[in-house]
Amino acid sequence: MHNPVQQATRQLQAIITGAMRRAMEEGALPQAELPEFTIEIPNDTKFGDFASNAAMVSARAFRQSPQKIADALLERFDFAGSCFQRAEKAGPGFLNFFLNPDWFGSVVQDILDDGAQYGRSDYGAGEKVMVEFVSANPTGPMHMGNARGGALGDCLASALDAAGYDVTREFYVNDAGNQIEKFGLSLYTRYLQIYRGEEAVPFPEDGYHGDDIRERAQEFADIHGDRYLTADPDEAQKALVDYALPLNIESLRADLARYRIEYDVWFHESTLHKSGAVKEIIDLLTGRGLTYEKEGALWYKATDFGGNKDEVLIRQNGAPSYFAVDIAYHYNKFAVRGFSRVINVWGADHHGHVARLKGSMDAVGLRGDKLDILLMQLVRLLKDGEPYRMSKRTGKSITLADIIEEIPIDAARFFFNMREAGSKLDFDLDLAAEQSSQNPVYYVQYAHARICSILKKLRADGIEFNLEAGDLDRLGAPEERELIRLLASFPNEIIESARSYDPARLTHYAVELATLFHKYYTACRVAGEERGLMQARIALCLAARQTLRNLLDLLKVQAPETM
């Protein structure tokens, strides 16, 4: 798999360090330890395709001015066998480097050779990484935050996978604890109300008030009738939970699948209790002297590991706290299943939980710095320029199911990834449905469809793709080279998205690539040109189409051939 920018960067690093060593050997520079320097692609490439600060950061080591160091290096650069042809000094000592013209053609050839694999790399070296995201409470439907978290977590996992990590997508099912007890009581109360009336059976104030609870209770009653009216309440609640919970979990799974999210693992909280993992983690903390008893509860010394306050592990009633279970769950991720890095995508309202959970990993003998929490800000839906909060279907808050029904999934997945997780997001429902260049996902998809249309018309005119040696060297127009530079950066864009946990980089790249293709096609004809140039431009169209398709596949957005 090719990474043209990375390959050129490595060559340039060797060229610069080689020139430094020769300059020291020949006495043009004093003997010194080679400094670290950066190589980057400048925003304005008319002054060079690559640039380096090597001369500037060497001033202290060589005890000379950056300009003098740059002059010494310029005399000793050896570009033989590389993709570079020359260098220039600029400003206070920057070094600008210019690529050989044939590099641009080689990028196009690399993309055609790699095909669907173009963009992938071994950057992650197979490191075992888990991305846990959404993990919605199965006692009710998923909400707007889950819609953003789902798109963000899934695309981040795709970027990590393409960057060479061994990635597992996981959904944590909260099927134990207080929320399930409350779920059972809520179902049971609605079940009793079916037969005895709502006035006769008060609904618990902190119960789940959603219509979904009423629906599940009615379904249960339709199957079992009034059989559980006189049953022991605990038995009745268990029966209701055993009926409703699997259906709710399957509903979550189905909605997420429609949203194009497939998890590798659905991990059930109940397994931590049944296996004794929660007790083991409490015993481990106690054995390390990190717990104490107070007011009938068992406490963990969270303040010893970065927490704002100590935390309860075992409540007065003998039940483990949610935090105790969370420690056991993350211990399982690292110590039992062997993930070297774990990424959780959480809502921003969980920010207070970050330090104490990371600290708890240190407390149990693991590394809290290997647990990364991606905090996601809120989404504001807009319609007709105004905030839009209510579902047409239920008249209540928007759920993931509403999003799937009301908004094209391509638009939802693309729009939810257009801002980094830590930024608040305004989601314009009208724009998401609009078929125009103002809609970014439509604009990107149209670029792909446009290339397909160009190639289809050429075939209809009897012109087939038949590249010959040297044809790609004809790609010298400024618009062609600008487009190729961007195509060449695709593997690095994926790596940076994975490294920074920011899949929004991919949507920004997609819009930029579509923009440069439209600009290129406006400036450079394909059909009607001399044969060699026409074939080279067909190759460039194919390379652009392949890159767009690979990119949209990462986002799980369709790449239509006609629009």
Side-chain angles (χ1 to χ4, degrees), residues 134-143 146 171-258 266-276 278-279 296-297 312 314-322 324-325 390-402 405:
V134 179
S135 296
N137 194 326
T139 58
M142 288 176 286
H143 54 70
N146 301 135
F171 189 110
Y172 181 58
V173 182
N174 300 107
D175 63 340
N178 285 341
Q179 71 272 12
I180 298 302
E181 293 176 11
K182 187 188 298 184
F183 182 53
L185 180 58
S186 301
L187 288 165
Y188 181 55
T189 304
R190 291 304 187 201
Y191 172 74
L192 294 178
Q193 287 178 345
I194 292 170
Y195 296 98
R196 297 176 181 170
E198 294 190 12
E199 293 183 3
V201 187
F203 194 82
E205 192 172 321
D206 64 343
Y208 295 124
H209 291 257
D211 290 338
D212 55 296
I213 297 293
R214 293 179 183 273
E215 291 167 8
R216 290 288 185 237
Q218 185 62 60
E219 293 166 6
F220 184 84
D222 290 342
I223 295 169
H224 298 284
D226 62 1
R227 171 183 163 190
Y228 285 92
L229 278 180
T230 57
D232 177 77
D234 289 342
E235 177 192 348
Q237 288 178 42
K238 182 180 184 304
L240 279 153
V241 169
D242 289 346
Y243 166 78
L245 191 61
L247 292 176
N248 279 12
I249 294 171
E250 184 53 38
S251 179
L252 296 179
R253 191 192 304 266
D255 283 345
L256 288 163
R258 289 174 61 201
W266 288 72
F267 189 98
H268 290 251
E269 178 188 340
S270 56
T271 63
L272 295 169
H273 297 275
K274 292 174 183 176
S275 67
V278 178
K279 182 180 183 303
V312 172
I314 301 292
R315 300 186 183 96
Q316 291 174 334
N317 63 4
S321 67
Y322 182 84
V325 179
M390 296 298 129
S391 165
K392 289 180 181 177
R393 183 166 53 89
T394 65
K396 297 184 178 179
S397 59
I398 299 283
T399 66
L400 174 61
D402 293 320
E405 290 174 10

Check residues 175-183 and write down every donor-acceptor pair under 3.5 Å in which the side-chain atom is one partner and the other belongs to a residue at least two apart or another chain.
from : atom 1 : to   : atom 2 : distance (Å)
D175 : OD1    : E269 : N      : 3.1
D175 : OD1    : S270 : N      : 2.8
D175 : OD1    : S270 : OG     : 3.4
D175 : OD2    : H268 : ND1    : 3.1
D175 : OD2    : S270 : OG     : 2.7
Q179 : NE2    : N174 : O      : 3.3
Q179 : NE2    : A176 : O      : 2.9
K182 : NZ     : D206 : O      : 3.4

Residue pairs fulfilling salt bridge (Lys or Arg N to Asp or Glu O under 4.0 Å) with at least one residue in residues 230-243, sequence neighbours excluded: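 For residues 230-243, and leaving out neighbouring residues, the salt bridge (Lys or Arg N to Asp or Glu O under 4.0 Å) pairs sorted by first residue read K238-D242.
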
I'd like a table of donor-acceptor pairs (distance under 3.5 Å, sequence neighbours excluded) in which one partner is a side-chain atom from residues 215-225, with atom names and distances.
from : atom 1 : to   : atom 2 : distance (Å)
R216 : NE     : N248 : OD1    : 2.8
R216 : NH1    : E219 : OE1    : 3.0
R216 : NH1    : E219 : OE2    : 3.2
R216 : NH2    : N248 : OD1    : 3.2
Q218 : NE2    : D222 : OD1    : 2.9
E219 : OE1    : Y243 : OH     : 2.8

By salt bridge (charged side-chain N to carboxylate O under 4.0 Å, His left out), which residues pair with [X], not counting sequence neighbours?
X	answer
R196	none
D226	none
K274	none
R258	D255

Taking the side chain as every heavy atom from C-beta outward, state whether L400 and P141 have any atom pair closer than 4.5 Å.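 No. Closest side-chain heavy atoms not under 4.5 Å.
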
For [X], check side chain to side chain donor-acceptor pair (under 3.5 Å) against everything at least two apart and list the hits.
X	answer
S186	none
S321	none
Q193	R190

Quick one: list whatever passes ring-ring contact (aromatic ring centres under 6.0 Å, His included) with Y188, sequence neighbours left out.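 None.
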
Quick one: ring-ring contact (aromatic ring centres under 6.0 Å, His included) partners of Y195, sequence neighbours excluded?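 For Y195 the ring-ring contact (aromatic ring centres under 6.0 Å, His included) partners, ignoring immediate neighbours, are Y191.
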
Applying side-chain contact (heavy atoms from CB on, under 4.5 Å) to F267 and L272, what does each step give before you reach the verdict? CA-CA 9 Å; F267 189 98; L272 295 169; 3.8 Å; yes

